[in-house]
Amino acid sequence: MTEVIYQNINTSEYLNIKSKPVHIKEKLEIKIVDNSFLPGAKDDDWFAHSALPALKLIEKERPGEIKSFLSIGSGPGLDVLASAEVFGSKKLALTDLQENVVKSGVQNIKSNLLEPEKIEVNGYSGDLFEPLRSKANSNENQRFDVIYENLPNVPLPENKDINESRSSTAFLEKRNEKIPREVKDALLDLHYLAIQQVHEFLNKNGALISLISGVIPIDTIKSIEKYIDGVKIDILYYNWNIQTSFYSVINTYAKQEEQGYGPFIFYRENDLKKAFEGVSDNESGKKALDIEKSLADKRLTATEALKLLNQGENVGYTITILKTTINN
């Protein structure tokens, strides 16, 4: 089995902090096994670019209160390490589909903590929350203050195996659960299931943080709330990005549009820059709908975006960070 080794990730740069880290090492060495999610450069790393600022907002709202953190589908555990620094949590955990990915992720976390002997670190292999579920009593399920997920939303092509290479990091297999048509058409299957099940794994006042590509309209994303009793979904953070690997992303969505899925929304880079100009992290979530509305006449389908990209024009999309809490 081949391993890719990321050496000397500068923690302060990755976390965008000026001070030295106090919970994890200044230089991180992260091993990436074959089936694991492969982090990109900082601007292409969705966690660092968009999820991390959202988690910092939670720490600002509840300083020192996040004692436990779980990442669903973590891959190499870099998101868990970053969250350990942000929250100072004493209980850390990750899940992934393949056992070898989980073992490597746990080792990455332990080897990069400053005081690993003081932190509980666990890894679980399996689908969504299943490996955390107690077979005897749901009250004995593992529970956390914050759970994070950035799950794949593109259906697995017929010619691919979910266990092949890094397929599980980008695609999802066909699900047997009942999922509302509106949600399914938007390719939000796994996000929906995570939100539906999370009440069994959150501590009181806990939250699920979901990173969802904004190629999906906000109203469609928020529609999940009406299908699941007892949850409250807020937009915590709103951002935009362009990726160097963007051709394959847009091409995939264009093919899904041809099959009747969507709509999937893209924008020219300059339109995104103008819409987000002057918007702070703190206010981005509250202004998300207004920002999206300001871009309404600038929308591109995936097919239109792909055409512009082939002509050499930069195209991007928004990123929505949801915060799901349980109604008491």
Side-chain angles (χ1 to χ4, degrees), residues 1-16 21 23-52 55 69-86 89 92-114 116 119 121-128 131 147-154 156-157 160-173 190 209 211 213 241-249 252 319:
M1 180 173 59
T2 303
E3 287 189 339
V4 178
I5 300 179
Y6 272 31
Q7 292 184 324
N8 297 328
I9 296 175
N10 186 298
T11 298
S12 295
E13 289 181 3
Y14 186 78
L15 297 181
N16 194 24
H23 299 294
I24 62 178
K25 294 178 180 179
E26 291 184 57
K27 302 290 184 180
L28 304 178
E29 183 178 281
I30 304 295
K31 292 184 178 181
I32 317 292
V33 297
D34 285 354
N35 300 117
S36 177
F37 171 74
L38 185 63
K42 184 179 178 183
D43 288 342
D44 288 338
D45 185 310
W46 283 29
F47 180 83
H49 182 270
S50 296
L52 187 56
L55 297 183
F69 177 88
L70 165 70
S71 174
I72 300 293
S74 173
L78 187 55
D79 52 1
V80 179
L81 279 167
S83 301
E85 182 63 29
V86 171
S89 305
L92 305 171
L94 62 82
T95 76
D96 216 291
L97 285 178
Q98 285 92 4
E99 188 174 351
N100 67 315
V101 174
V102 171
K103 288 181 178 179
S104 178
V106 168
Q107 182 57 41
N108 282 336
I109 295 168
K110 289 181 176 180
S111 63
N112 285 288
L113 288 168
L114 288 176
I119 311 295
V121 181
N122 293 302
Y124 306 90
S125 59
D127 183 60
L128 292 174
I147 299 174
Y148 167 71
E149 61 94 354
N150 173 19
L151 296 167
N153 60 347
V154 177
L156 182 73
K160 280 189 174 289
D161 182 339
I162 197 67
N163 295 309
E164 174 190 345
S165 185
R166 305 187 196 281
S167 292
S168 64
T169 71
F171 303 104
L172 70 147
E173 292 183 289
L190 291 184
I209 307 302
L211 190 157
S213 166
N241 199 16
I242 292 176
Q243 291 183 310
T244 55
S245 59
F246 212 63
Y247 178 87
S248 62
V249 175
T252 300
I319 298 172

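Scanning all heavy atoms of the two residues, the minimum distance from S50 to L211 falls at CB-CD1, 4.3 Å. Closest of all the heavy-atom pairs between L15 and A82 is CD2-CB, 3.5 Å. Annotation for S12 and N10: closest pair N-OD1, 3.1 Å, computed over non-hydrogen atoms. Taking each heavy atom of I32 and P76 in turn, the nearest pair found is CD1-CB, 3.5 Å. In plain terms, the two heavy atoms of L114 and P21 that are nearest each other are CD1-O, 4.1 Å. The two residues I109 and G77 come nearest to each other via the heavy atoms CG1-O, 3.9 Å.
Taken from CD in Q98 to NZ in K103, the straight-line distance is 13.0 Å, to the nearest 0.5 Å. Here the straight-line distance linking atom CG of L113 with atom NE2 of H23 works out to 10.0 Å at 0.5 Å rounding. In this structure, the separation between CG on L70 and CG on L94 is 8.0 Å, given to the nearest 0.5 Å. Put simply, CD on E26 and CG on N112 are 12.5 Å apart, with the number rounded to the nearest 0.5 Å.
Side chains of V106 and N122 form no contact here, defined as non-hydrogen atoms less than 4.5 Å apart. Residues I319 and H49 form a side-chain contact, since some pair of their non-hydrogen atoms from C-beta on lies under 4.5 Å apart. Residues L52 and N16 fail the side-chain proximity criterion, which asks for heavy atoms closer than 4.5 Å. Between Y14 and L78, the closest side-chain pair of non-hydrogen atoms falls below 4.5 Å.
Residues passing the salt bridge (Lys or Arg N to Asp or Glu O under 4.0 Å) test with K25, sequence neighbours excluded: none. E149 pairs by the side chain to side chain donor-acceptor pair (under 3.5 Å) definition with H191, S210, not counting sequence neighbours. Under the rule for a ring pair (Phe, Tyr, Trp, His ring centres under 6.0 Å), the partners of Y148 that lie at least two apart in sequence or sit in another chain are F47.
Side chain of T95 to main chain of G73: a donor-acceptor pair is present (N/O by atom type, distance under 3.5 Å, no hydrogens or angles). Formation of a donor-acceptor pair under 3.5 Å by the E85 side chain with backbone atoms of I24 is found in this model. In terms of modelled atom types and a separation under 3.5 Å, the side chain of N108 and the main chain of I30 share no donor-acceptor contact. A side-chain donor-acceptor contact under 3.5 Å links S83 to the backbone of D79. Remark: the backbone N or O of L92 is not paired with any side-chain donor or acceptor of S89 at under 3.5 angstrom.
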